[in-house]
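Each remark here refers to the structure printed beneath this line.
On a predicted model such as this, the values are computed, not experimentally measured, just so you know. Residue numbers start at 1 and run along the sequence shown. FYI, side chains are in, hydrogens and waters are out, and symmetry mates aren't considered; it's all heavy atoms of this structure.
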Amino acid sequence: MIVTRIFAADDGRARIERRQVPMQPDRSGRPTSADFPALRLFFRDTPPSHVHDQHRAPQRQFILVVSGAGEIELDDGTRHRFAPGALLFVEDTTGAGHITRTLEGTRGFAHIPVGPEFDITRWPLA
């Protein structure tokens with residue numbers, strides 16, 4: 001399972017990298033991750049054609065895209081498309097931030113904020 005991480009690099013610019021969720025077989029042999037603490041869970045809909053101009057993530061959180069399609073634009077002009085099933089981890093809470101756009105339909109999200117002890121950089125790069 002791949003997670004797209006959006007973070008602020010040392011120069012303050014938002015970057016994207018892909019991380020692999022570490023998994024081990026459970027008792028039935030299915031790959032399963034370790035548990036990690038989450039602070040809460042909430043849902044959000046973003047309307048068609050919505051553009052959220054340059055902004056930073058309000059908190060470190062996983063975001064699961066459940067409907068619609070959108071993109072994230074970094075300040076270098078690169079655009080990254082996300083559709084249902086995409087799993088993001090946003091932590092560019094400092095720096096320049098990024099732009100998000102709804103491309104198709106209403107984008108629906110499940111947000112799962114995590115505490116400061118969670119360190120996704122321990123997960124291997126994909």
Side-chain angles (χ1 to χ4, degrees):
M1 186 175 302
I2 303 297
V3 176
T4 299
R5 176 182 177 228
I6 303 168
F7 65 100
D10 291 339
D11 64 4
R13 297 173 66 178
R15 299 282 193 275
I16 284 183
E17 66 183 15
R18 296 200 169 44
R19 296 275 174 171
Q20 179 75 41
V21 178
M23 295 197 195
Q24 298 295 323
D26 66 8
R27 290 183 184 185
S28 69
R30 294 175 298 167
T32 304
S33 75
D35 288 347
F36 60 88
L39 301 177
R40 62 190 182 283
L41 167 69
F42 67 95
F43 302 96
R44 174 175 288 143
D45 278 340
T46 302
S49 303
H50 181 264
V51 176
H52 193 168
D53 287 328
Q54 198 84 18
H55 65 284
R56 295 184 295 265
Q59 59 199 340
R60 299 174 70 244
Q61 61 186 327
F62 283 97
I63 299 175
L64 175 61
V65 180
V66 297
S67 65
E71 70 180 7
I72 293 173
E73 181 179 343
L74 304 180
D75 60 359
D76 65 2
T78 60
R79 295 180 180 198
H80 305 267
R81 184 180 172 96
F82 297 98
L87 181 58
L88 311 173
F89 184 71
V90 297
E91 61 176 340
D92 61 335
T93 59
T94 62
H98 58 275
I99 298 168
T100 57
R101 291 182 187 85
T102 301
L103 300 175
E104 298 173 14
T106 297
R107 286 183 299 142
F109 304 104
H111 294 256
I112 308 158
V114 298
E117 71 283 353
F118 178 75
D119 183 4
I120 198 169
T121 65
R122 294 178 184 219
W123 294 4
L125 290 168

Quick one, [X] and [Y] - any side-chain contact, counting heavy atoms below 4.5 Å?
X	Y	result
Thr4	Ile72	no
Thr93	Arg56	no
Val114	Gln61	no
Ile112	Leu64	no
Met23	Thr32	no
Arg60	Ile120	no
Glu117	Pro37	yes
Ile6	His98	yes

Under a 4.0 Å N-O cut-off, is there an ion pair linking Glu73 with Arg79?
-> yes
Where do Gly68 and Pro84 come nearest, in terms of heavy atoms and distance?
-> O-CD, 3.0 Å
Using only atom types and a distance under 3.5 Å, with no angle test, would you say the side chain of [X] pairs donor to acceptor with the backbone of [Y]?
X	Y	value
Glu91	Arg5	no
Arg19	Trp123	yes
Arg13	Ala96	no
Thr102	Arg107	no
Ser67	Thr106	yes

According to a 4.5 Å side-chain heavy-atom criterion applied to Ile, Leu, Val, Met, Phe, Trp and Tyr, with indirect links allowed, do [X] and [Y] form part of one hydrophobic cluster?
X	Y	result
Phe7	Ile16	no
Phe109	Ile99	no
Phe118	Leu41	yes

May I ask you to decide if the ring planes of His52 and His50 are parallel, tilted or perpendicular, using 30° and 60° as cut-offs?
-> perpendicular
So Phe62 and Phe36, would you call those rings parallel, tilted or perpendicular, with 30° and 60° as cut-offs?
-> tilted
Between His55 and Thr100, does a side chain to side chain contact (heavy atoms under 4.5 Å, CB included) hold up when you go through it step by step?
-> CA-CA 9 Å; His55 65 284; Thr100 57; 3.5 Å; yes
Would the number of heavy atoms belonging to other residues, nucleotides or ligands and lying under 6.0 Å from CG of Asp119 be above 12?
-> yes
Does the side chain of Ser28 come under 3.5 Å of the side chain of Arg30 through a donor N or O and an acceptor N or O?
-> yes
Looking at [atom1] of [X] and [atom2] of [Y], how far apart are the two atoms once the value is rounded to the nearest 0.5 Å?
X	Y	atom1	atom2	result
Thr78	Glu71	OG1	CD	10.0 Å
Leu125	Ile2	CG	CD1	10.0 Å
Leu74	Asp76	CG	CG	5.5 Å
Asp75	Asp11	CG	CG	8.0 Å

